[in-house]
Every structure is written in C-alpha cells, then in structure tokens.
Amino acid sequence: MNLENLIIENVGIALEKLYNQTVDAKLIQVQSTRKDFEGDYTLVVFPFLKISKKNPEQTATEIGMFLKENVSEISDFNIVKGFLNLSISNEYWLNFFTQNAANSNFGAAQVDENSPKVMVEYSSPNTNKPLHLGHIRNNLLGFSVSQILKAAGKNVVMVNLVNDRGIHICKSMLAWQKFGNLSTPTSSGKKGDHLVGEYYVKFDIEYKKQISELTAQGLTEEQAKKEAPILLEAQEMLRKWEAKDIEIYNLWKEMNSWVYDGFEKTYKKLGVYFDKMYYESETYLLGKQNVIEGLKNGVLIQKDDSSIWADLTADGLDEKILLRSDGTSVYMTQDIGTAILRHNEFNANEMTYVVGNEQDYHFKVLSLVLQKLGYDWGKKLHHLSYGMVELPEGKMKSREGTVVDADDLIDEMIETARKTSQELGKLDGLSLEEAEKVYYTIAMGALKYFILKVDPRKNMTFNPNESIDFNGNTGPFIQYTYARIQSILRKASEMNIAIQNEFKVLNINKKEIDLIKYLHRLPETIQEAAANYSPALIANFVYELVKEFNQFYHEFSILKEEDEMVRSFRLSLSKSIAYAIKNCMNLLGIAVPERM
RNA sequence: GGACCCGUAGCAUAAUUGGAUAGUGCAUCUGACUACGGAUCAGAAGGUUAGGGGUUCGAAUCCCUUCGGGUUCACCA
C-alpha cells in the first residue's frame, strides 16, 4: 500500500475512534506538503470540524496524536491553521531506498498481453506538403504520451493515419502536371515532401489569380471561388481518382511515394515511429459503405442534390455532410471507416486521437455519428486536443510564408548546439562523429523539452530565434546533470569504489532524504501523467528532481567524502537519480548523453 | 449569429484539479570554494491571477457579467 492510502485509512480509523463516526473517504484529503512547510503529507481537517465539534487546531492535534502513536511510519506532526502536516520517518525513506536503489527501471509498471489495450493515433499528416512546427508538437506529444501510457502499464499500439487522398492532394498533382515540367526529387535534388509542397503553393497562387480575374469580369467573390477553372479541374481529378482512373492513380502513387520518403527522414530525425500505418485511401470506402447503410437505416438524411448528412441538431450540434452530391468522400467519411476498421482489428479498450484543438467539433461529431450508425464504442473515442503553436508575431500562416518548417527547425537547432558546444570546448576529446551525435542529442533535447514541458491543452508560443535556451528549465540542463553524474560514476569505477545498496547505520542529511522522497514520487507521477495524457507532468518532475540534485551536488562532496559508508550511499543515490533522469527523459522521447 | 476555448511579473510558463504566503526559467542586478564538470549554485527585484460581482471555512481554479484574443459551425482537411 502506498503512503497516501495508508494515511487515509488510518485517518478513517482515527475519526471513528475519536469521534465515533465514519466518514466518506472522499472527505479525507491527503496531499503532499508544500515545500515551505515542515512535513511530508498534509491532511486538510476542515471537513471534520462538524464531526469533532472543535476548532481546527484541536481537531488536528487529536488526529495527529492518534496517527503518531498508531502508525509506525509517521514520526511527527505539526499544525498550521487547519492543516495537519505529517512527517514520515527516516527509517521508512531509507528502507524504501535500499529496496529500490538497484532497480534501473523503477517507477514503470509491467505490461503483458492482459494489460489494457490502448491505441494512440498521432502525426496524421496530409501528403500535399511537408511537416511544420505544429506537426512537431503533435508527433512529440503522441510519441511521449504513448511511452508514458506504456510505463503506466498499458498495452499501447501507436498508429498513424496518412491523409493520402482528397482534394488537397489533387491540387498538388494538378499543379505539378501544369507547371512541374516532369521534375522529381532526383532531378531537382529536393526532398520529396518539399517538392510536392511547392506545387501545392503553386496551385494556390494560380487559384487566387483566377479568382481575381473572374471578379474583374463581374462575378462575385463567392462565385469566383466556386467557378475558378483550376478548382473545377481539381474536383474533376478527385472524381477520376475515386473512379480509379489509371493515369491519375499512377501519378498519385508516384507523388505520394516522394512524400513518404521525405516524411520518413523527418520522423527518423524526430525519433518517432509507428506500430501500424493506416491510409485514408484504404479506409474511406468502408466509411462510405457505412454512410450509405446509415441512410438506408434511416439514421442519416439525403438532400435533394443527393448529398448525405447527419442531423445532429438534437444533440446541440449542426448538420454534418458525410458524402458530397457527386458521391465523393469527405474527411469525416474516412475517419468513420478508419475507426471501424481499427475497432475490428484491435478492439482496444480506448482509442486516443492526438489532434489539434481546432478539430474539437470534428471529434464530437465523429463520436456521435458512430453511435448513430450503431457503434456503441463510438463514445469511448478520446480526443487528446492540444493547443496550437504560435509564433511571437502571431499564428503561422502558410500564405504569408511564416510557417516554420520542421526540417529547417531541426537543422537550426543542431547548428546552435554545435556552436554552443564548440564555444565551451566541451567535447574536444571526442571524435568528430561522436561529437556530432552529442550535438544532435542536445539539440533534440532542447527542442523536445521546450515543447513538451507545457501543458498539451494550452496554446503555446514558440520563438525560433530566442526561445530555445540551454540554461534554466531546459532539456540540456537536465542532460547536463545526467552527464555529470555519469562522470562521477566513471571516476568511482576508476577508483575501484564499490557501490553498495545496504545502508544500515547512517546519519543521513536533509538533502539526501529529500532526494529519496523525489524518487519515491516517480511511480505516482507516471500514473498521473498517463491519466492526464500530459508529458508536462513528467517534465516538471524531472526538472525539480535535477534542481534538487544540483543543490545537493554543490553542497556535499561525493567522491571526496571520507566516511566510506556515506560515500557509497551517495554514489548509490546519484546512480538511482541518473536512472530516474534517463527514464523520465525517455518518456519524453529524449535521449541523454554520457558526456556533453 | 450559435457552440467551444483562452487571458497568471517585461517575456515564456507552474500551481497536487476547491487548499496554506501564487512557484519556476529567461532577461535585469549582486555574490560563490583554482571545480567529484561553472551548460552549475546562492541571493535581490518583479503579481489587485484581464475588470467587476457571487458561491464558502478557503477561489488563479466553480457560477454570473463586462472587456480582450482565438477556434469552429462550410460539398476544406
């Protein structure tokens, strides 16, 4: 049993003995004591005043006395206002440490085939343009949340859904046909996703041009947007694609393959991967089929122009189109198909979609439509709705060219890391190749930590020029602490100092106890991060742990400590903390260097 | 117009989901043992949690309202 539950249980007993009343366990609030107060756990006594019929101090004193006498783990208590602060004995902490010090994987739960199954969809790129900063947040979040769920005891399947069909792809294809002069990644020397993205931009330029020409001829803007010839051509191309026109289909395959090559490189640099890939082109027909069936069963409606809709007005939402009047599919159509396919394949206890909060409405609708179609599990879909990434000057806008490209950003980060490391002369002893690896590790550590330390649900600001720091609450700061511990451990082993894990008699100091308390919190932190789908909680935890360790490191000597038992203990403590740092960072998808 | 989200020091962000004196980093200022690695550590200054009202022992957090910003509802994805 963990300490918190132990306390809750005994508070229950105390209330019964002292005031002859049983209390709903929910009223017993135990939280860890705030840093500026003495103690480890705090009981809020306000809820019990009605029962005790005494003032807060008296009530807290009585409960505190009872606990101190009857619970061996509780060594002392103090009272501030209505808060009863309980101290846990040093014996307990030391005993906890000796039992777990050697466990390099402390904090992570075991997973086997009986563990609950969770599917996490993330990334979900469109194949008409390269990845940008927003996708980076998505990929980092999806990967990290998956690792956290695994550590919390879930069986995780990471999947990607590639939006490889639809009108947006046709726009790139059409522009390539018109303006591309048969250029390919090989002939142009460009990364495939970037090349295809250029034609998506070219389409838009031409489209705008045609709109202004049409409005000059007297059409309204609305009409012009609908009737621009290049748009009509793209729509025609989509119809041909759905009819599997051979020429269109081959072009589509080829251009997508360029994009996939490009994506693969970016994914690799980001360090993310997937257990299974889904392609919209392979699922939209299943969606279409279900929509048509839904129409037959009367749960969907058809309008005069033969487009098919879901009427969700009874649920407080609007009507939603599911098939266009020309019979082609929309985004929702394939998402219905994909969900059904996945449910049939994996029957996961939970399906989580890592998708930006601009699609909150979409996922509400998806869940409802699935239920309407008779899929009860539709209500179990979970949308991990993350906030958008903004630049200091505002939203990224592709039309204004302010989109931060993922590949460029990563390269810039590596360049910065290289420069900083070389200025500090940190890696002079390493080979060029080894040094490059460290630059990369630090660069990605900075980038990933910077993005993951903020609450996923919130919008965040990203300043590419200044924001990524190497000092303070940053990835490299944490990596540095890890590297420093490794340095000590290397020295210890050169000095042939054995690290023991038994510490019977020991005059342990407060910083050491505090560090052990941090380690003790790791398992619950992982559980909490999983429950909230929040890598930020892991980031905050490891940052505080590292800060605490750096204070300890500064204040006390490890290798120069003369008492052998104490020296050995401090080495063991440092080693355990290094494990914790590494594991937490891995949960964020961040690697740690042995030196930097 | 309907629905939803957000507003915390100059900037970027925390706050155990209703708990104590609102933490932290950057930037600014001051200081640290010729170092088990100074990419570190100690300290100072910076706040009416957008404004107002309410709920209660207790509110950044819940309710109402005003202001400011954003997303979405499209035969876009």
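Convention: sequence-line order gives letters A, B, ...; per-chain numbering from 1.
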Checklist line | With sequence neighbours excluded, residues passing side-chain contact (heavy atoms from CB on, under 4.5 Å) with A:Lys397 | finding: A:Glu400, A:Thr402

Margin query: Using Watson-Crick or G-U wobble geometry with both distances under 3.5 Å, which nucleotide pairs with B:rA44?
Written below: B:rU28

Item checked: C1' spacing across the pair B:rG38 / B:rC67, given as an integer number of angstrom -> 48 Å

Next item on the list: Answer yes or no for this row: A:Phe46 ring on B:rG19 base, centroids under 5.5 Å, planes under 30°.
Entry: yes

Note to self: Side chain of A:Phe450 only, heavy atoms from C-beta on: which candidate in B:rG7, B:rG37, B:rA12 is closest?
What the structure shows: B:rA12

Check: Does A:Tyr480 lie flat on the base of B:rU40, that is, centres under 5.5 Å apart and planes under 30° off?
Finding: no

Note to self: What's the gap between B:rC63 and B:rG69 when it is taken at their P atoms, as a whole Å value?
What the structure shows: 23 Å

Notebook entry, point to check: Has A:Lys303 got its NZ or CZ under 6.0 Å from the middle of the six-membered ring of A:Trp309, at an angle within 45 degrees of the ring axis?
Noted result: yes

Next item on the list: Tell me whether the guanidinium CZ or amine NZ of A:Arg165 lies under 6.0 angstrom from the six-membered ring centre of A:Tyr284 and within 45° of its axis.
Entry: yes

Item checked: Out of B:rG23, B:rG70, B:rA39, whichever nucleotide has its closest atom nearest the side chain of A:Arg34 -> B:rG23

Check: What nucleic acid atoms does A:Asp164 come within less than 4.0 Å of, heavy atoms only: base, sugar-phosphate, or nothing?
Finding: nothing

Check: Considering only the P atoms, how many Å lie between B:rU21 and B:rU16, rounded to the nearest integer?
Finding: 16 Å

Check: If we take the C1' atom in both B:rC41 and B:rA59, what is their distance in whole Å?
Finding: 36 Å

Notebook entry, point to check: Hey, are A:Tyr553 and A:Glu548 close enough side-chain-wise for a donor-acceptor pair under 3.5 Å?
Noted result: no

Identify all pairs in which a protein N or O lies below 3.5 Å from an N or O of nucleotides 1-4 of chain B, and state each distance.
none

Notebook entry, point to check: Is A:Tyr543 touching bases, backbone alone, or none of the nucleic acid, heavy atoms closer than 4.0 Å?
Noted result: sugar-phosphate

Strictly under 3.5 Å: I want the nitrogen or oxygen pairs between protein and nucleotides 41-44 of chain B, one per line.
from: B:rC41; atom 1: OP1; to: A:Asn550; atom 2: ND2; distance (Å): 3.4
from: B:rC41; atom 1: O2'; to: A:His554; atom 2: ND1; distance (Å): 3.1
from: B:rA42; atom 1: OP1; to: A:Gln551; atom 2: NE2; distance (Å): 3.0

Check: With centres under 5.5 Å and planes under 30°, do A:Phe83 and B:rG19 count as stacked?
Finding: no

